[in-house]
Amino acid sequence: MAIESEFRLRLERLLSRLDVSSDSVVLVHESDVISKLVSRDYLRILQDVVSEGTVSILGDCTLNTGADDHDRLSTQERLVLSSGPMLQLMTLQGECFYVSHPSLMIASVGKYARYLARHHELDFPYGPDSVFNDYYGMNTVVLFIGDKHDLVESKFVYAKRDDAVIRKDVTDSGSELLSYLDYHSDIDAVHRSFFSGNLLISENMGDHVVYGITFKEYIEYLNSQL
């Protein structure tokens with residue numbers, strides 16, 4: 001069945017307003033506010049529009065933090081439990097690559113997918129040498145499907161600041177528990193103002209709203225609020 005033309009038109013209109021082109025990099029926060037079939041439509045349209053670029057999907061980047069011996073997960077269990085429908089569908093594609101840090105759940109397809117998945121240091125998965133620094137430098141566009149999201153990228157703000165609170169965390173690699181250093185960020189108030197203000201470009205998709213912003217603008221706003 002063809003994707004509903006009005007749905008495609010609205011999403012493509014939003015992407016055009018965000019200056020997304022065929023060779024862009026797009027990072028998607030998917031949501032459980034939409035049906036699984038609509039998740040499939042989002043992925044298909046994004047890959048049609050960004051046909052020569054890269055689409056990254058962000059899953060649950062909090063599930064595999066604070067790990068302990070009483071709640072161990074196999075690698076496959078972690079992949080399933082921290083992935084939404086769009087991310088799971090994307091992993092069916094042969095050239096899908098996961099970001100290497102075990103605390104992160106991000107996968108990509110397209111031109112820079114392998115590059116974004118390359119090895120980084122265990123400490124500071126949101127730090128100056130992380131995949132988030134790549135997104136910052138690649139003029140990435142960030143999409144939020146709905147407004148119920150963990151703004152995990154806020155930790156990247158502290159990669160460029162001297163007032164960062166650093167803590168030790170634990171993640172499960174699938175074979176062992178690994179300790180690493182990470183930034184602490186408390187962003188509940190920021191979340192409310194982020195989605196209620198005029199910063200984001202949005203499109204009403206019928207039963208939900210999708211929001212967009214460049215990664216640089218996103219980080220600059222968080223930096224001004226934290």
Side-chain angles (χ1 to χ4, degrees), residues 1-3 7-8 11-12 14-16 18-32 34-61 63-64 73-122 125-127 129-145 149 152-153 156 171-175 210 212 214-216 218:
M1 183 181 296
I3 298 172
F7 182 90
R8 176 181 283 273
L11 182 55
E12 290 181 345
L14 174 65
L15 295 174
S16 177
L18 290 162
D19 293 325
V20 172
S21 62
S22 62
D23 61 349
S24 290
V25 179
V26 178
L27 174 63
V28 182
H29 286 242
E30 63 172 312
S31 172
D32 58 7
I34 60 175
S35 74
K36 293 178 174 60
L37 290 178
V38 172
S39 293
R40 181 197 61 182
D41 292 346
Y42 265 109
L43 182 60
R44 288 181 175 179
I45 296 170
L46 286 169
Q47 289 192 266
D48 285 347
V49 173
V50 191
S51 57
E52 299 174 16
T54 305
V55 176
S56 296
I57 309 291
L58 185 109
D60 186 347
C61 291
L63 176 70
N64 197 24
L73 294 172
S74 70
T75 299
Q76 291 303 314
E77 287 174 330
R78 179 173 66 87
L79 295 179
V80 170
L81 293 175
S82 57
S83 301
M86 196 184 309
L87 181 50
Q88 292 187 41
L89 285 170
M90 194 169 72
T91 61
L92 298 177
Q93 302 180 26
E95 293 298 304
C96 178
F97 297 90
Y98 287 96
V99 169
S100 62
H101 199 283
S103 75
L104 301 177
M105 179 49 62
I106 307 172
S108 305
V109 292
K111 183 176 181 179
Y112 296 110
R114 188 186 296 272
Y115 174 77
L116 293 169
R118 72 194 187 284
H119 176 72
H120 290 284
E121 296 296 326
L122 186 63
Y126 299 87
D129 297 318
S130 71
V131 66
F132 297 99
N133 195 55
D134 295 333
Y135 287 130
Y136 188 87
M138 297 168 96
N139 200 30
T140 299
V141 169
V142 187
L143 294 183
F144 299 89
I145 300 172
H149 299 282
V152 296
E153 297 95 333
F156 176 66
T171 188
D172 191 343
S173 71
S175 59
V210 59
T214 68
F215 196 86
K216 286 185 177 180
Y218 177 25

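Computation of the quantities below employed the complete heavy-atom set of this structure, encompassing side-chain atoms and omitting hydrogens, waters and symmetry-equivalent molecules.
Annotation: Phe97, atom CZ; neighbour count of heavy atoms from other residues, nucleotides and ligands within 6.0 Å is above 12.
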Exercise. Check the pair Leu81, Asp60 against side-chain contact (heavy atoms from CB on, under 4.5 Å), reporting the backbone distance first and the verdict last.
Key: CA-CA 8 Å; Leu81 293 175; Asp60 186 347; over 6 Å; no

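What you find for Ser39 and Ile34 is that their closest heavy atoms are OG-CD1, 3.5 Å. The two residues Cys61 and Leu58 come nearest to each other via the heavy atoms SG-CD1, 4.0 Å. Closest approach of His120 to Val131, counting heavy atoms only: NE2-N, 3.7 Å. The shortest non-hydrogen separation linking Glu153 to His29 is OE2-NE2, 2.6 Å. The minimum heavy-atom distance between Pro125 and Leu104, with the atom names listed, is O-CD1, 3.9 Å. Taking each heavy atom of Gln88 and Val80 in turn, the nearest pair found is NE2-O, 3.7 Å.
Inter-residue side-chain proximity for Arg118 and Asp134 is flagged as met; some heavy-atom pair is nearer than 4.5 Å. Contact of the Asp129 side chain with the Glu121 side chain is not registered, since no non-hydrogen atoms from C-beta on lie closer than 4.5 Å. Contact of the Leu14 side chain with the Leu143 side chain is registered, since non-hydrogen atoms from C-beta on lie closer than 4.5 Å. Using a 4.5 Å heavy-atom cutoff, the side chains of Ser31 and His149 are in contact.
The CD1 atom of Ile57 sits 6.0 Å away from atom CG of Leu43, with the distance rounded to the nearest 0.5 Å. Taken from NE2 in His119 to OG in Ser100, the straight-line distance is 6.0 Å, to the nearest 0.5 Å. Going from atom CZ of Arg40 over to atom CD1 of Ile45 covers 10.5 Å, rounded to the nearest 0.5 Å. Between atom CG of residue Leu11 and atom CZ of residue Arg44 there is a gap of 14.0 Å, rounded to the nearest 0.5 Å.
Of the possible donor and acceptor atoms, one in the side chain of Thr54 sits under 3.5 Å from a partner among the backbone N and O of Tyr112. Of the possible polar contacts, one joining the His101 side chain to the Leu122 backbone as a donor-acceptor pair under 3.5 Å is found. Between the side chain of Ser24 and the main chain of Val26, no donor-acceptor pair closer than 3.5 Å is present.
Every residue two or more places apart in sequence or in another chain was checked for a side-chain hydrogen bond (donor to acceptor under 3.5 Å, both in side chains) with Asn133, and none qualifies. Partners of Glu12 under the side-chain hydrogen bond (donor to acceptor under 3.5 Å, both in side chains) rule, at least two apart in sequence or in another chain, are Arg8. Listed by chain and number, the residues in a side chain to side chain contact (heavy atoms under 4.5 Å, CB included) with Asn64 are Ala67, Arg78, Pro102, Thr171, Asp172 (sequence neighbours excluded).
Partner of Leu63 under the side-chain contact (heavy atoms from CB on, under 4.5 Å) criterion, chosen from Ser83, Ser82, Ser103: Ser82.
Between the side chains of Tyr135 and Ser56, at least one donor N or O sits under 3.5 Å from an acceptor N or O.
Using cut-offs of 30° and 60° for the angle between ring planes, the Tyr218 and Phe144 rings count as perpendicular. Aromatic ring pairs are classed by plane angle as parallel below 30°, tilted from 30° to 60° and perpendicular above 60°; the pair Phe7 and Tyr42 is perpendicular. Ring geometry for Tyr136 versus Phe215: interplanar angle over 60°, hence perpendicular rather than tilted (30 to 60°).
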